[in-house]
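Notes to accompany the following structure.
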Amino acid sequence: MNSPFPLRAAFHVKLLASGLEEETLRSSFRMLGNPWPRDMVITVDDDADTLVDLLWIRETWNLQSISADFPPLLSDDSVRAHARTETSDAAKTWLDAWPVIWNACIHHAGLLQDSTIFAQLRQTTDGSPERADLLARLVGPSWSGSFGDDAFTAEYETWNLARFQARTQRHPLSVGNDPERLSLQALIPAWRTGLSKIVTIPCQGSYTRVIGQHTLLVTDETRDDHQRYSEALKQFR
C-alpha cells in the first residue's frame, strides 16, 4: 500500500530577483513524525553581496578597526595577499566611512523584505522616481552607493568570479543534512521568539549578532558546524 505521507518533508525555494538570492526553508507536507513545525518559515541569506563587498574592501585597503563590534577576517586569506599598503587621501576617508556604511548595511540586512515590493516594481516604469525609490528600498545602502567603484580593484573581479564558481559547483545538501534541520531543537525556540531570517558572512571563526527583531547574523563556519550553530541560535532571545 502506498503511504499517504510523502517521504520528503521539506523543500527549498530559491528567490532570484534583481540579483538577490535567498533560500527559504519550510515544511511542505503534513507528515507523521516530521519535527519541523508546519507554519515555520526560515529565510537564509548566505550571499549578502553588500556585506561581502564591505568585508573585501576592508581587507584589501587595510581599513581595519580595533573594535570587537565588527566581524573577524574573511575565511579566504587570498584577499590579504593583495592588500594595499599605501596610504592615500581616499583610503583615509574610507577608513572613517567603513564602520558607518557597515552599520547601515547590517541594519538593512536585518529587515524583513516587503512581500509586495516586486508587485509594486512591476507597476512602475523604467527610470521613474517611483521605481528608483522601490529599488533603493529593496537593495539598501552599499559601498558603491557612497563611493562608486574606485575601491574595487581588478583582483576583486577575479575573487568574486571564483566565489561564484565555487557556489555554483557545490553539491546541494539533502534535506536531512540542512544546517537548520540539524539544529532544529535550537531553531524552533528561536523561531517562536521571532526569528525568521538567518544572514551569513564568509568570515573566520564565530561572530553572532542579533541584527533585527527577526534576524540573526552568523559566519558560514558557524552555520556549517552543528554544535556552534545550535549555540548561536540560542542567542536569539
Side-chain angles (χ1 to χ4, degrees), residues 13-25 41-61 63 65 67-74 93-122 124 128-152 156 160 163-164 167 180 190-191 193-203 207-220 222-223 232-233 235-237:
V13 178
K14 288 290 185 181
L15 305 176
L16 299 171
S18 301
L20 303 176
E21 178 175 343
E22 292 181 340
E23 183 177 25
T24 299
L25 299 96
V41 179
I42 301 294
T43 298
V44 179
D45 184 357
D46 60 356
D47 192 25
D49 289 341
T50 56
L51 301 183
V52 175
D53 285 353
L54 281 165
L55 294 167
W56 183 90
I57 288 169
R58 181 184 64 170
E59 294 189 28
T60 297
W61 293 95
L63 309 180
S65 171
S67 172
D69 291 336
F70 299 114
L73 297 174
L74 289 166
T93 300
W94 295 347
L95 178 62
D96 293 332
W98 192 93
V100 177
I101 299 176
W102 174 263
N103 287 331
C105 289
I106 279 291
H107 172 75
H108 184 267
L111 300 175
L112 298 184
Q113 205 59 257
D114 181 352
S115 60
T116 69
I117 196 164
F118 292 111
Q120 294 179 60
L121 278 168
R122 287 193 293 269
T124 62
S128 67
E130 293 79 12
R131 172 163 290 193
D133 179 64
L134 288 170
L135 287 173
R137 285 167 49 195
L138 178 65
V139 176
S142 66
W143 182 269
S144 296
S146 296
F147 291 104
D149 295 333
D150 289 347
F152 295 100
Y156 171 80
N160 208 32
R163 285 186 65 248
F164 173 77
R167 287 178 59 82
E180 286 64 42
W191 166 70
T193 306
L195 178 68
S196 61
K197 183 178 180 181
I198 306 289
V199 178
T200 72
I201 50 176
C203 292
Y207 181 84
T208 302
R209 297 290 187 276
V210 176
I211 60 172
Q213 292 183 339
H214 305 283
T215 309
L216 188 70
L217 176 74
V218 299
T219 65
D220 289 339
T222 291
R223 184 170 177 251
L233 289 165
Q235 294 189 34
F236 192 90
R237 294 290 185 268

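- Side-chain contact between Pro71 and Thr219 is absent, with no heavy-atom pair separated by less than 4.5 Å.
- Among residue pairs with one or both ends in residues 99-111, none qualify as salt bridge (Lys or Arg N to Asp or Glu O under 4.0 Å); sequence neighbours excluded.
- Of the possible donor and acceptor atoms, none in the side chain of Lys197 sits under 3.5 Å from a partner among the backbone N and O of Gly110.
- Within the structure, salt bridge (Lys or Arg N to Asp or Glu O under 4.0 Å) contacts touching residues 93-106 (residues at least two apart or in different chains) do not occur.
- A side-chain donor-acceptor contact under 3.5 Å links Asn103 to the backbone of Pro99.
- Taken from OG1 in Thr43 to CD in Glu180, the straight-line distance is 10.5 Å, to the nearest 0.5 Å.
- In plain terms, the two heavy atoms of Phe236 and Gln213 that are nearest each other are CZ-O, 3.2 Å.
- Rounding to the nearest 0.5 angstrom, the gap separating the CD atom in Gln235 from the CZ atom in Arg209 is 8.0 Å.
- Among the candidates Val218, Leu217, Thr215, the single residue satisfying the side chain to side chain contact (heavy atoms under 4.5 Å, CB included) test with Ile198 is Val218.
- Nearest approach of Cys105 to Pro141, heavy atoms of both residues: SG-O, 3.3 Å.
- Without hydrogens or angle criteria, Thr60 side chain to Ile57 main chain gives no donor-acceptor distance under 3.5 Å.
- Side-chain atoms of Thr200 and Asp46 include no donor-acceptor pair closer than 3.5 Å.
- Judged by distance alone, the side chain of Thr116 and the main-chain N or O of Ala119 form no donor-acceptor pair under 3.5 Å.
- Panel note: side chain His107, backbone Gly212; no donor-acceptor pair is recorded below 3.5 Å.
- Expressed to the nearest 0.5 Å, how far CG of Leu233 lies from CH2 of Trp191 amounts to 14.0 Å.
- Trp102 places no side-chain N or O within donor-acceptor distance of the main-chain N or O of Phe70, the cut-off being under 3.5 Å.
- The minimum heavy-atom distance linking Arg137 with His108 is given by the pair O-NE2, 2.9 Å.
- For the atom pair Trp61 CH2 and Leu95 CG, the distance stands at 13.0 Å (nearest 0.5 Å).
- Taken to the nearest 0.5 Å, the CG atom of Leu55 stands 11.5 Å off from the CG atom of Leu63.
- The CD atom of Gln113 lies 6.5 Å from the CZ atom of Phe118; values are rounded to the nearest 0.5 Å.
- Under the 3.5 Å distance criterion, the side-chain polar atoms of Gln120 are left unmatched by any main-chain donor or acceptor of Leu134.
- Each of Leu54, Asp53, Thr50 was compared with Ile101 under the side chain to side chain contact (heavy atoms under 4.5 Å, CB included) criterion, and only Leu54 meets it.
- Aromatic ring orientation, Phe152 versus Trp56: parallel (interplanar angle below 30°, classes split at 30° and 60°).
- Just one of Leu51, Leu216, Asp47 meets the side chain to side chain contact (heavy atoms under 4.5 Å, CB included) condition when paired with Val199; it is Leu51.
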